[in-house]
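Proteins come first, then strands; the chains are lettered A, B, ... in the order of their sequence lines, and each starts at number 1.
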Protein chains: 2
Amino acid sequence: MNELIQLKSAGLKSTLPRLKVLSLFESGNDRHLSAEDVYRKLLASGDDVGLATVYRVLNQFEQAGLLVKHHFEGDKSVFELNQGEHHDHIVCLQCGRVEEFYDATIELRQKKAAAERGFAVHDHSLYIYANCIKPKCQYKS
Amino acid sequence: MNELIQLKSAGLKSTLPRLKVLSLFESGNDRHLSAEDVYRKLLASGDDVGLATVYRVLNQFEQAGLLVKHHFEGDKSVFELNQGEHHDHIVCLQCGRVEEFYDATIELRQKKAAAERGFAVHDHSLYIYANCIKPKCQYKS
DNA sequence: TTACAAATGAGAATGATTAGCATTAGCAAC
DNA sequence: GTTGCTAATGCTAATCATTCTCATTTGTAA
Ligand SMILES: [Mn+2]
Ligand SMILES: [Mn+2]
Ligand SMILES: [Zn+2]
Ligand SMILES: [Zn+2]
């Protein structure tokens with residue numbers, strides 16, 4: 001029911017597909033989901049939505065600040081709940097596990113590097129591609 | 001003529017399209033080029049190559065370590081000469097200017113962040129999206 | 001030269017994402 | 001509760017970058 005309020009606050013009409021998508025992200029089972037992931041999960045739980053609608057809703061949510069979009073290596077982009085605090089990502093190249101981290105020093109030195117060269121930072125993306133150290137890595141995908 | 005040797009050393013047969021592409025990057029006019037950029041530039045200088053060949057050659061060059069591929073914000077990927085030293089990028093969101101930088105502290109703290117979480121770093125990508133501070137920015141694109 | 005595998009080029013195919021448009025569903029005013 | 005209008009949805013077709021297919025051409029080593 002909380003989702004209804006969130007949508008209103010974001011200036012979005014409360015529709016069934018939007019509630020479903022938002023609930024999925026707030027269920028917290030997976031933080032990082034692609035459009036295709038969301039689509040499949042909704043179908044699996046018996047909720048019928050169109051893929052085009054999923055794409056539209058995800059982008060609207062990003063614009064509204066409810067979600068953040070990332071471009072991990074590969075083609076498809078992934079979304080996660082925007083919970084206020086920025087963080088960067090470590091992605092396992094073998095099993096796909098995603099770990100989040102925040103390093104104040106890195107953030108600071110980025111700003112400095114940009115300033116020194118005559119840029120005002122708008123945004124940045126930092127992805128570390130790595131391998132889980134055994135035996136944590138399940139070599140899934 | 002130097003390019004011929006580079007190709008051989010990389011284990012690649014010395015063909016006309018490959019020589020053209022490599023020369024273009026070594027001419028140094030633009031460091032960061034997309035496949036489409038390369039294609040257009042070759043056509044413009046009267047060299048007839050197929051777009052498919054450009055894509056193939058760029059990827060071979062990347063595999064061979066002659067080029068590095070980047071995924072700046074947006075759809076198309078860009079390539080640059082691999083000159084040994086790793087660096088990260090600042091991209092102007094207004095004029096598209098790309099500036100390179102290297103920060104040892106950032107590199108170090110990335111490794112540390114990964115190690116602390118049970119990852120062995122394979123690779124990383126750091127892009128800072130920013131705006132040129134006037135009046136350097138030409139607001140081109 | 002010859003011979004043959006490797007490379008090229010033109011166009012079809014792919015895969016993620018978006019656009020177009022007829023149909024449906026929120027929601028505010030009766 | 002109905003009505004009515006706009007915004008949202010869900011197909012499908014279109015985009016766009018990139019890859020694949022395959023017939024033709026080239027580099028190269030004998
Ligand atoms: Mn995250
Ligand atoms: Mn560079
Ligand atoms: Zn792993
Ligand atoms: Zn600029």
Side-chain angles (χ1 to χ4, degrees), chain A residues 1 3-24 32-43 46-64 66-67 69-79 96 141, chain B residues 1 3-24 32-43 45-64 66-79 96 141:
Chain A
M1 313 301 114
E3 286 89 14
L4 198 147
I5 298 172
Q6 291 190 61
L7 289 178
K8 300 255 166 167
S9 314
L12 295 170
K13 189 148 54 169
S14 160
T15 70
L16 234 34
R18 299 215 258 237
L19 289 169
K20 304 274 187 53
V21 171
L22 189 50
S23 298
L24 177 56
H32 305 93
L33 298 171
S34 68
E36 189 70 31
D37 290 338
V38 171
Y39 178 64
R40 248 197 291 282
K41 277 177 183 277
L42 290 184
L43 288 196
D47 298 312
D48 259 315
V49 279
L51 181 55
T53 301
V54 169
Y55 273 102
R56 265 186 308 238
V57 168
L58 290 176
N59 286 326
Q60 286 160 173
F61 282 8
E62 193 206 359
Q63 240 105 301
L66 295 174
L67 295 180
K69 188 197 286 203
H70 297 291
H71 303 276
F72 295 163
E73 196 142 272
D75 27 21
K76 54 189 68 162
S77 30
V78 304
F79 295 79
S141 89
Chain B
M1 315 303 113
E3 285 90 13
L4 198 148
I5 299 172
Q6 291 189 63
L7 288 177
K8 300 255 165 165
S9 314
L12 295 169
K13 191 151 50 171
S14 161
T15 69
L16 233 35
R18 299 215 258 238
L19 289 169
K20 303 274 187 52
V21 171
L22 189 49
S23 299
L24 177 56
H32 305 93
L33 298 171
S34 69
E36 190 70 31
D37 290 339
V38 171
Y39 178 63
R40 247 195 291 281
K41 277 176 183 277
L42 290 184
L43 287 197
S45 54
D47 298 312
D48 259 315
V49 280
L51 181 54
T53 300
V54 170
Y55 273 102
R56 264 185 311 237
V57 168
L58 290 176
N59 285 326
Q60 287 159 173
F61 282 8
E62 193 206 0
Q63 240 104 298
L66 294 173
L67 295 180
V68 183
K69 188 198 287 203
H70 298 291
H71 304 276
F72 295 163
E73 196 141 273
D75 27 23
K76 54 190 68 162
S77 30
V78 303
F79 294 79
S141 91

Query raised in the report: Which heavy-atom pair separates B:Gln6 from B:Leu66 by the least distance, and what is that distance?
Result: OE1-CD2, 4.2 Å
Query raised in the report: How many angstroms lie between atom NZ of B:Lys41 and atom CG of B:Asp47, to the nearest 0.5 angstrom?
Result: 13.0 Å
Report task. With B:Lys20 as reference, evaluate B:Val54, B:Leu42, B:Thr53, B:Val38 under the side-chain contact (heavy atoms from CB on, under 4.5 Å) test and give the passing residue. Result -> B:Leu42
**Report entry** Rounded distance (Å) that lies between atom P of D:dA7 and atom CZ of A:Arg18
**Finding:** 11 Å
Query raised in the report: Which is it for A:Asn59 and A:Phe79 under the side-chain contact (heavy atoms from CB on, under 4.5 Å) test, yes or no, and what are the steps along the way?
Result: CA-CA 9 Å; A:Asn59 286 326; A:Phe79 295 79; 3.9 Å; yes
Requested in this report: Grab the CD-P distance between B:Glu73 and D:dA17 for me, whole Å please.
Outcome: 16 Å
Report summary line: Sorted by chain and number, sequence neighbours left out, side chain to side chain contact (heavy atoms under 4.5 Å, CB included) with A:Asp75 holds for none
**Report entry** Protein proximity profile, nucleotides 15-30 of chain C - base contact B, sugar-phosphate-only contact S, no contact -, cut-off 4.0 Å on heavy atoms
**Finding:** -SBBBB-----SS---
Query - Rounded distance in Å - CD (B:Glu62) to C1' (D:dT19) - result: 15 Å
Requested in this report: Measure from CG on B:Asp37 to P on D:dA17 and round the result to the nearest Å.
Outcome: 11 Å
Query raised in the report: Atom CD of B:Gln60 and atom C1' of C:dT8: how far apart are they, to the nearest Å?
Result: 11 Å
Query raised in the report: Do you know which two heavy atoms are closest between A:Leu19 and A:Ser14, and how far apart they sit?
Result: CD1-OG, 3.6 Å
Requested in this report: Starting from C1' on C:dG9, measure out to CG on B:Asp47 and report it in whole angstrom.
Outcome: 15 Å
Report task. Take A:Val78 and A:Leu33, measure what side-chain contact (heavy atoms from CB on, under 4.5 Å) needs, and give me the verdict at the end. Result -> CA-CA 5 Å; A:Val78 304; A:Leu33 298 171; over 6 Å; no
Query raised in the report: In whole angstroms, how far is the P atom of D:dT26 from the CG atom of B:Asp48?
Result: 12 Å
Query raised in the report: Between A:Tyr39 and A:Val21, is a side-chain contact (heavy atoms from CB on, under 4.5 Å) present by the stated rule, with each step listed?
Result: CA-CA 9 Å; A:Tyr39 178 64; A:Val21 171; over 6 Å; no
Requested in this report: Please assess A:Lys8 against A:Ile5 for the test side-chain contact (heavy atoms from CB on, under 4.5 Å), listing each intermediate value before the final yes or no.
Outcome: CA-CA 5 Å; A:Lys8 300 255 166 167; A:Ile5 298 172; 5.7 Å; no
Query raised in the report: C:dA10 C1' sits how many Å from B:Leu43 CG, rounded?
Result: 14 Å
Query raised in the report: Once you build an axis from the first five pairs and another from the last five of the helix from C:dT1-D:dA30 to C:dC30-D:dG1, how far apart in angle are they, to 10 degrees?
Result: 30°
